[in-house]
Structures are given as C-alpha cells and as structure tokens.
Participant: 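Questions regarding the structure given below will be posed in turn.
What you see is a predicted model; the values in this text were computed from it and never measured. Proteins get letters first, then strands, A, B, ... in listed order; numbering begins at 1 in each. Atom set for the values below is all heavy atoms of this structure, side chains included, hydrogens, waters and symmetry mates excluded.
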Amino acid sequence: MFRTHTCGELKITDVNNEVTLAGWIQRIRNHGAMTFIDLRDRYGITQLVIDEDSSDTVKKQLTELGREFVIQVKGTVRERSSKNRNIATGEIEIGVVNITVLNSSEIPPFTIQDDTDGGDDLRMKYRYLDLRRNKVRDNLILRAKMAHAVRSYLNEKEFIETETPVLIKSTPEGARDFVVPSRMNEGEFYALPQSPQVFKQLLMIAGFDRYYQIVKCFRDEDLRADRQPEFTQIDCEMSFVEQKDILETFQGLTEYLFKEILDIEVTEFPWMPYSEAMEKYGSDKPDIRFDMLINDISDVVKGKGFGVFDSAEFVGAINADECSCYTRKQLDQLTNWVKRPQIGAKGLIYVKCNDDGSFKSSVDKFYSQEDLKIWADTVGAKPHDLILVMSGDREQTLSALGELRLEMGNQLKLRKKNIFKPLWVVDFPLLEWNEETERFHAMHHPFTAPKPEDIHLLETDPGKVRANAYDLVINGVEIGGGSVRIFDSELQAKMFGKLGFTKEQAQDQFGFLMNAFKYGAPPHAGIAFGFDRLVSLFAGLDSIRDVIAFPKNNSGRDVMIDSPSQIAQEQLDELSLKLNLKE
RNA sequence: GGUGGCGUAGUUCAGUUGGUUAGAAUAUCGGCCUGUCACGCCGAGGGUCGCGAGUUCGAGUCUCGUCGUCACCGCCA
C-alpha cells in the first residue's frame with residue numbers, strides 16, 4: 001500500500017501518529033519560510049506543512065511541485081495552531097518528513113475545484129480531470145448508492161437480476177436502432193437493444209416470475225439534456241400481476257429510494273388518467289408541484305364578436321395567482337415567448353383582475369366587465385390575479401398552455417427542486433395516429449395490452465382504445481413507464497395487424513415471441529425507470545450528463561475519445577461494407 | 001431536418017454607434033512573505049477576436065457562409 005490513511009480520515013485523536021498519505025496536490029500556499037500543501041484524494045483534503053523543521057531535501061523538492069502532481073508523503077500528524085472548521089480534517093495537519101513524487105502533472109486546462117473556471121466543452125474533453133471535482137464525483141457516488149438501493153429493494157422482493165444480450169435484432173417499431181455489422185454473417189446486422197423488452201417477456205414465459213436488470217439501452221435519436229444515445233434503465237417484469245400490483249411495487253421502490261437516499265418521506269402517488277393530464281396540464285407528464293390548471297373557457301367566450309375565439313376549436317385559460325401586477329413589458333415578453341416556433345402560438349390574451357374587482361384585458365373592445373367577470377369565475381380568479389388565454393386547435397392549444405403554465409411556474413418560483421411530487425399517469429391510449437406514415441403506431445410499444453373493456457373499439461375506433469399502460473412522473477419528469485403485456489398469441493397477432501404489419505412481417509420480426517406465447521405464457525406486466533433521470537432528479541440537476549461518467553455531447557459525440565470515428569478499409573472489407581457517403 | 005444562444009489570453013468573461021496599441025479576473029512564471037486554507041504584496045509573459053468571404057477609408061463589432069458547442073421543436077414504441 002502506498003498509504004496508511006486517506007486524505008479524509010485523520011482527526012485530532014491521530015495527533016503524533018506517523019502516517020503516510022498519497023494523493024493529488026490541490027493547491028500550494030507558499031509563505032516563504034513555511035509552505036502549506038492541500039493534498040486531495042476521493043475522501044477529502046489534508047493539509048501538509050513544510051517549515052523550518054523540514055529537511056533541506058523536502059524544501060528543495062517543494063520548488064518542483066505543482067498542481068495535480070501525485071505525491072506520497074510521510075510525516076507526523078499534529079494539531080493545527082489555527083484550525084479550519086470547514087473541513088473534516090481541519091483540526092490537524094501533517095508535518096512532512098518525506099515526499100515521493102509518484103507522478104508529475106502538466107498544468108491542467110482548468111482548475112480542479114468546486115467553482116471551476118472550465119466551460120462544458122473543456123470539461124468534457126478532459127472528463128477524467130472534471131471527475132476529480134467534488135460535485136461531479138458526488139453525483140456518481142449518488143448514482144452508485146441509488147443503484148445499490150435499487151438492488152437491495154428488488155432482491156428483497158425476490159426479483160432475479162438477469163442479463164440479456166446486447167447484440168440483438170433490429171425491429172421496425174419504435175426508435176431508430178444502432179446497428180452492428182456481423183462479420184461471420186455477411187450482409188447481416190445486429191441491433192443494440194432499445195430496451196430488453198422481448199427478453200424480459202420471454203423470461204416471464206420461462207417462469208422467472210420476477211426479473212430486473214440495471215441495463216444500458218440504445219436509441220439512435222437526437223439528443224436532449226435528458227436524453228443520451230445510450231442510457232440506463234431499471235428494467236423490471238413480473239408475472240401473475242395486474243396493473244395495480246406493478247404500481248404498488250414500484251411506488252414502494254420509489255418511496256424506499258427517497259427514504260434511503262434523501263431521507264425524506266414521499267408517500268402520495270396519485271393516479272391521473274392520461275386524458276385528465278392532457279386537459280388540465282396540457283402534458284402527459286404534469287408537474288403537480290403547483291396548480292394553475294388549464295380551464296376550458298370555450299363556451300363562455302364565444303359569441304361576442306371576437307373572431308379569433310369564435311372561430312377557434314378550443315379556448316383555454318390559466319390563472320396566475322397574484323400576477324395582475326405584470327407590466328405591459330412582461331406581458332409582451334410572455335406573448336413573444338409563446339409565439340416562438342417551439343411553442344408556435346399565434347398570440348396570448350390577458351385579463352388583469354384589478355384590486356377593486358374590475359378587469360383590464362387586451363380584448364376590452366369585445367368583452368364587457370360582466371363578460372370578464374364570468375371568465376374570472378370560470379377559472380377561479382380573484383382580484384390581483386392574471387388570466388392568460390390562448391386559443392386554436394384543441395391539442396396544440398392545450399400543449400401550448402401547458403408550456404406557458406410551466407414557464408409561469410418557473411417565473412413564480414413554484415418549481416422547487418427540493419419538493420418531490422410524484423404521480424402515476426394511467427390509461428394511456430393504446431395507439432397513436434401518425435400523419436407521416438398514415439398508420440397507427442403503438443404509443444407505448446406493440447406488446448401493450450388494451451384495456452379489456454376497450455377491445456371492442458379496436459375494429460371501430462382504434463384511436464379511442466385505452467391501454468393498461470402507465471408512467472411514473474415526478475416533478476414533470478417522465479421517470480418511468482410500463483404496461484400490462486399481451487400474453488395471447490392471437491391478440492398479439494391482431495395488434496401487429498393494427499400496426500400495419502403483414503402476417504409475414506409479423507412472423508419474421510416477432511415470430512419467436514408469438515411462438516413462445518403458444519407454450520404457456522403467464523399474464524405479466526412490467527415497467528422500466530430511466531435511471532439517469534432518476535439520479536439527476538435526486539441530485540437536483542436538469543441534465544443527465546452530470547450523472548453519467550462519460551457522456552456524449554449534443555451531436556452524440558464523445559469529445560474525449562473522439563468517437564464515433566472512421567474505421568480502416570480492412571475493417572470495412574472484413575465486414576463486406578462499402579461506404580456511400582452523401583456530399 | 002428546423003429555431004435560437006454562444007464562440008475574444010491556458011480558463012471564465014468585458015469590449016459602447018464600426019475608429020488609436022483589444023481589457024479584467026483567474027491560472028502560469030519570477031521576486032518577497034512563519035499560520036495560510038479563494039493566503040497576501042510586487043512584477044512578467046501570454047491574443048490567427050473559431051474559420052472563410054463580403055460591405056467599408058477602417059470590422060472583435062455589420063452581412064452571408066461554414067465549423068464547433070449548448071438549449072429547444074421535429075424525432076425519441
């Protein structure tokens with residue numbers, strides 16, 4: 001061993017002990033006749049002192065040391081004459097007897113400290129240096145603790161952790177696949193799994209009863225702050241269970257994590273139908289830390305000669321408490337905000353509810369005080385409040401109002417990071433019409449079971465069929481989702497039919513699964529949590545990059561190892577591949 | 001595929017209406033300093049203003065293109 005102790009453990013009770021430490025030089029404070037060195041490792045920082053008592057050798061070595069050098073130090077623990085109460089080892093220091101430079105360091109491109117001077121680009125390029133910083137390392141330690149807690153909980157519930165293959169088969173549904181050419185099977189490709197979906201269902205058919213895996217998944221789609229091309233799921237499946245059994249089990253997991261990791265009691269997990277989420281929050285992942293619900297005011301605003309509303313399919317409003325003081329400038333800014341292409345609204349109408357009970361709106365020309373009073377009553381507005389109204393196509397307007405609601409929540413500081421409000425969004429539609437391909441797509445995935453009472457709609461009105469599918473949403477973040485599965489080969493075949501597969505295509509792509517259903521498939525259901533998102537939520541971060549050791553950038557590149565990269569012609573030849581690059 | 005922000009010293013940033021030799025902080029290097037812990041003080045070095053074209057007497061500043069990066073929309077069963 002290069003050390004007898006870490007840099008975080010020596011205390012006043014260790015005084016006079018001879019110790020050996022090893023670590024990185026965080027900072028050197030040279031006072032001429034005496035010098036302090038902060039020695040850092042994963043566990044903490046210990047102050048080294050070199051003064052008149054130190055040997056000439058050590059004093060001479062001092063001149064050659066620099067930031068981020070790795071050194072081994074032998075010395076004596078002594079009590080500091082001026083103590084630092086801010087750090088764990090602040091009462092002691094090491095009188096240095098001997099220094100061994102284990103490795104020197106070039107001057108790092110940014111300083112390794114909590115408030116680093118490095119920008120994101122640089123930190124990613126030198127991620128191994130960034131990972132030396134407390135904040136980044138703590139995120140990964142949090143991640144490790146959470147993974148451990150997940151395993152404890154699920155193991156205790158008799159789940160079997162099972163690995164599934166990474167080289168699998170490309171399937172037409174869902175996200176774009178990452179593909180891997182097969183050398184031994186010329187012209188054929190593996191795909192990396194978008195999730196272990198079919199394997200976990202096959203494990204249920206195999207009688208495993210309860211499966212889980214903390215597993216990498218891969219989707220070749222454009223990135224976001226909360227989306228990486230490779231990400232980690234807590235993937236689970238259970239047999240002989242219904243929807244409520246899954247929800248209870250994984251509510252339990254979530255409660256356990258909040259308690260174990262953050263030591264907080266989070267026990268309210270309301271169930272909200274998808275339709276209600278869309279109508280009241282304009283989103284399938286509502287942030288229920290605050291209300292400001294969307295109200296349908298179509299009926300009360302129409303017929304007064306205001307063409308924009310009269311011709312609109314839907315008019316909706318949110319009520320911002322105590323915001324009647326918003327200035328013209330602020331309202332203009334909000335209007336511009338909703339008119340950005342990302343929101344795409346045509347405009348924004350406001351009603352200020354004045355202190356004296358009167359109203360001031362941007363549509364006073366069309367609506368009397370009495371009219372506006374009815375609006376206010378409909379949305380539950382009091383004096384001092386501000387009503388914000390948008391109109392248009394129903395779905396788009398609900399969605400835009402949902403975005404506006406979140407923005408107002410931000411402006412009013414209603415989205416506190418230390419408050420956690422989970423909910424289950426349930427009864428998702430089974431199918432979703434896709435304009436581009438002009439066919440129905442599975443909203444969750446093609447193995448999701450329709451609600452038994454809605455099966456009859458499959459033939460008449462497929463878009464209306466609800467699924468036994470559910471999402472766990474916390475603070476407006478989709479943390480997890482799952483469904484009760486189809487376990488009948490005929491119903492599964494019918495689903496593939498609805499999704500526009502021919503019998504041959506279905507057989508070719510998923511024949512193995514439908515065959516397996518013929519050999520005694522138990523009723524089963526499952527769920528997967530986005531582990532990166534869960535960790536970033538617990539860490540109070542908006543980006544999952546900060547909880548991934550080596551993440552990729554916006555363009556899916558790893559700027560540290562510079563991947564993806566070209567491969568040698570020999571490799572292409574071996575794989576029988578020929579490039580056909582666009583200009 | 002699209003919308004927007006950013007790109008200036010090793011780093012983080014400022015840079016006015018287009019106008020003299022492009023600044024600050026920090027880091028680095030040198031000197032002084034016996035209780036610092038963001039040590040302090042004095043000094044020094046450090047710039048292809050991302051790249052390319054254009055407008056102009058003159059471009060870090062304006063225009064177009066391009067590259068990089070970030071956020072978002074589309075996309076993500």
Participant: Regarding K83(A), tell me which of base, sugar-phosphate or nothing describes its non-hydrogen contacts under 4.0 Å with the strands shown.
Facilitator: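 Counting heavy atoms under 4.0 Å across all strands, the contact made by K83(A) includes a base.
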
Participant: To the nearest angstrom, how far is E407(A) atom CD from rC72(B) atom C1'?
Facilitator: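 Checked: the CD to C1' distance equals 13 Å.
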
Participant: Hydrogens and angles aside, do D114(A) and N134(A) bring a side-chain donor and acceptor to less than 3.5 Å of each other?
Facilitator: yes

Participant: If a pair satisfies ring-ring contact (aromatic ring centres under 6.0 Å, His included) and one of its residues is in residues 22-52 of chain A, list it, with sequence neighbours excluded.
Facilitator: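 As it turns out, the ring-ring contact (aromatic ring centres under 6.0 Å, His included) pairs with a partner in residues 22-52 of chain A, which skip direct neighbours, are H31(A)-F36(A).
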
Participant: When rounded to the nearest Å, what value does the distance between C1' atoms of rC49(B) and rC6(B) take?
Facilitator: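 Going atom to atom, C1' in each nucleotide, I get 14 Å.
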
Participant: Write down the distance between CZ (R340(A)) and C1' (rG74(B)), rounded to a whole number of angstrom.
Facilitator: 15 Å

Participant: What is the distance, to the nearest angstrom, from the CG atom on N336(A) to the P atom on rU3(B)?
Facilitator: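 Rounding to the nearest Å, CG of N336(A) and P of rU3(B) are 18 Å apart.
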
Participant: Round to a whole Å and report the spacing from NZ of K285(A) to C1' of rC76(B).
Facilitator: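 After rounding, the gap between these two atoms is 11 Å.
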
Participant: Please measure how far the P atom in rA71(B) lies from the corresponding atom in rC13(B), and state the result in whole Å.
Facilitator: 15 Å

Participant: How is G344(A) classified with respect to the nucleic acid when contacts are heavy atoms under 4.0 Å: base, sugar-phosphate, or nothing?
Facilitator: nothing

Participant: Which whole-number value in Å describes the distance from I112(A) CD1 to rU28(B) C1'?
Facilitator: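 Value for this atom pair: 15 Å.
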
Participant: Mind running a 4.0 Å heavy-atom check of residues 27-35 of chain A against RNA chain B and sending the residues that fall below it, in number order?
Facilitator: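 Within this stretch, R27(A), R29(A), N30(A), H31(A), G32(A), A33(A), M34(A) sit under 4.0 Å of the strand.
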
Participant: Kindly indicate whether the side chain of Q233(A), heavy atoms from C-beta on, has any atom under 4.5 Å from the side chain of F531(A).
Facilitator: no

Participant: Are any of the side-chain heavy atoms of R224(A) and I544(A) separated by less than 4.5 Å?
Facilitator: no

Participant: Output yes when at least one side-chain N/O atom of R557(A) is less than 4.0 Å from OP1 or OP2 of rC70(B), else no.
Facilitator: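 Answer no for this pair, as no side-chain N or O of R557(A) is under 4.0 Å from OP1 or OP2.
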
Participant: Which whole-number value in Å describes the distance from D222(A) CG to rU69(B) P?
Facilitator: 14 Å

Participant: Which residues pass the side chain to side chain donor-acceptor pair (under 3.5 Å) test with Q507(A), sequence neighbours left out?
Facilitator: none

Participant: Write down the distance separating the P atoms in rA25(B) and rC62(B), rounded off to the nearest Å.
Facilitator: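 The answer is 26 Å between these two P atoms.
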
Participant: How long is the line joining NZ of K125(A) and P of rG68(B), in whole Å?
Facilitator: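 These atoms are roughly 14 Å apart.
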
Participant: P atom, rU21(B) versus rA27(B): distance in rounded Å?
Facilitator: 31 Å

Participant: On RNA chain B, nearest-nucleotide positions of P341(A) versus R227(A): which is more 5'?
Facilitator: P341(A)

Participant: Among residues at least two apart in sequence or on other chains, which ones pass side chain to side chain donor-acceptor pair (under 3.5 Å) with Q396(A)?
Facilitator: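 Here no residue qualifies.
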
Participant: Taking ring-ring contact (aromatic ring centres under 6.0 Å, His included) as the definition, give me every residue that meets it alongside W433(A), ordered by chain and number, with sequence neighbours left out.
Facilitator: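 With neighbours one apart ignored, the set is F440(A).
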
Participant: Between D471(A) and K285(A), is the closest basic N to carboxylate O distance under 4.0 Å?
Facilitator: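 Judged by the 4.0 Å cut-off on N to carboxylate O distance, K285(A) and D471(A) do not form a salt bridge.
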
Participant: Under 6.0 Å between ring centres, would you say that holds for F447(A) and F510(A)?
Facilitator: yes

Participant: Would you kindly say whether E173(A) and H441(A) are connected by a side-chain donor-acceptor distance under 3.5 Å?
Facilitator: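 Short answer, no.
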
Participant: When the P atoms of rU17(B) and rU61(B) are compared, how many Å lie between them, rounded to an integer?
Facilitator: 15 Å

Participant: Under 4.0 angstrom, heavy atoms only, what part of the nucleic acid is R545(A) near: base, sugar-phosphate, or nothing?
Facilitator: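 Sugar-phosphate, backbone atoms only, no base.
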
Participant: Output all residues satisfying side chain to side chain donor-acceptor pair (under 3.5 Å) with R123(A), sequence neighbours left out; order by chain, then residue number.
Facilitator: D120(A), D130(A)

Participant: Examine the base of rC75(B) for any acceptor or donor lying under 3.5 Å from a partner atom in the side chain of R219(A), and report the outcome as yes or no.
Facilitator: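 It does not, because no donor-acceptor pair links the side chain of R219(A) to the base of rC75(B) below 3.5 Å.
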
Participant: Should the side chain of D121(A) and the base of rG7(B) be counted as holding a donor-acceptor pair, with the cut-off at 3.5 Å?
Facilitator: no

Participant: Rounded to whole angstrom units, what separation is found between the CD atom of E230(A) and the C1' atom of rC76(B)?
Facilitator: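 Spelled out: CD on E230(A) to C1' on rC76(B) is 16 Å.
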
Participant: When you measure from every atom of RNA chain B, which of residues 57-68 of chain A have a heavy atom less than 4.0 Å away?
Facilitator: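 Here the set is R67(A).
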
Participant: For RNA chain B, just give me the dot-bracket, please: Watson-Crick or G-U, both distances below 3.5 Å, ( ) intra-strand, [ ] crossing earlier pairs, | paired with another strand, . unpaired.
Facilitator: (((((((..((((.....[...)))).(((((.......))))).....(((((..]....))))))))))))....

Participant: Where the side chain of F36(A) is concerned, which of rU69(B), rC76(B), rG35(B) is the nearest nucleotide?
Facilitator: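 So the nucleotide nearest the side chain must be rG35(B).
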
Participant: Near RNA chain B, counting only heavy atoms under 4.0 Å, which residues of residues 473-497 of chain A show up?
Facilitator: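 Heavy-atom cutoff 4.0 Å gives no residues at all.
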
Participant: In chain order, what residues pass the side chain to side chain donor-acceptor pair (under 3.5 Å) check against R340(A), with sequence neighbours excluded?
Facilitator: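 For R340(A) there are no side chain to side chain donor-acceptor pair (under 3.5 Å) partners, ignoring immediate neighbours.
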
Participant: State whether the distance check finds a donor on one side and an acceptor on the other, under 3.5 Å, for side chain E106(A) versus base rG10(B).
Facilitator: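 There is none.
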
Participant: Measure across T35(A) and I28(A) and return the closest heavy-atom pair with its distance rounded to 0.1 Å.
Facilitator: CG2-CG2, 3.7 Å

Participant: Return whichever of E79(A) or R224(A) has its heavy-atom-nearest nucleotide of RNA chain B closer to the 5' end.
Facilitator: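 The answer here is E79(A).
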
Participant: Would you say a side-chain N or O of S555(A) is under 4.0 Å from OP1 or OP2 of rU69(B)?
Facilitator: yes

Participant: Expressed in whole Å, how much space separates the C1' atoms belonging to rC42(B) and rC37(B)?
Facilitator: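 Rounded to whole Å, the distance is 22 Å.
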
Participant: Which whole number of Å gives the distance between the C1' atom of rU26(B) and that of rG40(B)?
Facilitator: 16 Å

Participant: Base, sugar-phosphate alone, or nothing: which one does Q26(A) contact when heavy atoms must sit under 4.0 Å apart?
Facilitator: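 No contact.
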
Participant: Over all heavy atoms of both residues, which pair between Q509(A) and F501(A) is shortest? Give the atoms and the distance, please.
Facilitator: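 That closest heavy-atom pairing would be CG-CE2, 4.4 Å.
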
Participant: Of all the nucleotides listed (rG35(B), rC72(B), rU28(B)), which has the minimum atom distance to the side chain of R80(A)?
Facilitator: rG35(B)

Participant: So, does N554(A) get its side chain near the phosphate of rA71(B), meaning an N or O under 4.0 Å from OP1 or OP2?
Facilitator: yes

Participant: Looking at the base of rC72(B), is there any donor atom on it, or on the side chain of Q342(A), that sits under 3.5 Å from an acceptor on the other one?
Facilitator: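 Yes, the side chain and the base share a sub-3.5 Å donor-acceptor pair.
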
Participant: Show me the donor-acceptor pairs, under 3.5 Å and distance only, between side chains in residues 474-483 of chain A and residues at least two apart or in other chains.
Facilitator:
residue : atom : partner : partner atom : Å
N475(A) : OD1  : K421(A) : N            : 2.8
N475(A) : ND2  : I419(A) : O            : 2.8
S483(A) : OG   : T448(A) : OG1          : 3.1
S483(A) : OG   : R485(A) : NH1          : 2.7

Participant: May I ask you to say what L122(A) touches in the nucleic acid, namely base, sugar-phosphate or nothing, with a heavy-atom cut-off under 4.0 Å?
Facilitator: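 The answer is sugar-phosphate, as L122(A) gets under 4.0 Å only of primed atoms, P, OP1 or OP2.
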
Participant: Write out all pairs satisfying side-chain hydrogen bond (donor to acceptor under 3.5 Å, both in side chains) with one or both partners inside residues 212-221 of chain A, taking only residues at least two apart or from two chains.
Facilitator: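 For residues 212-221 of chain A: N155(A)-Y212(A), E161(A)-Y212(A), T164(A)-Q213(A), R176(A)-E221(A), Y211(A)-Q213(A), K216(A)-E230(A).
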
Participant: Indicate the atoms forming the closest heavy-atom contact of V19(A) with I94(A), along with that distance.
Facilitator: CG2-CD1, 3.8 Å

Participant: Suppose you measure atom P in rG60(B) against the same atom in rA22(B); what distance do you get, rounded to whole Å?
Facilitator: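 About 10 Å, rounded to a whole number of Å.
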
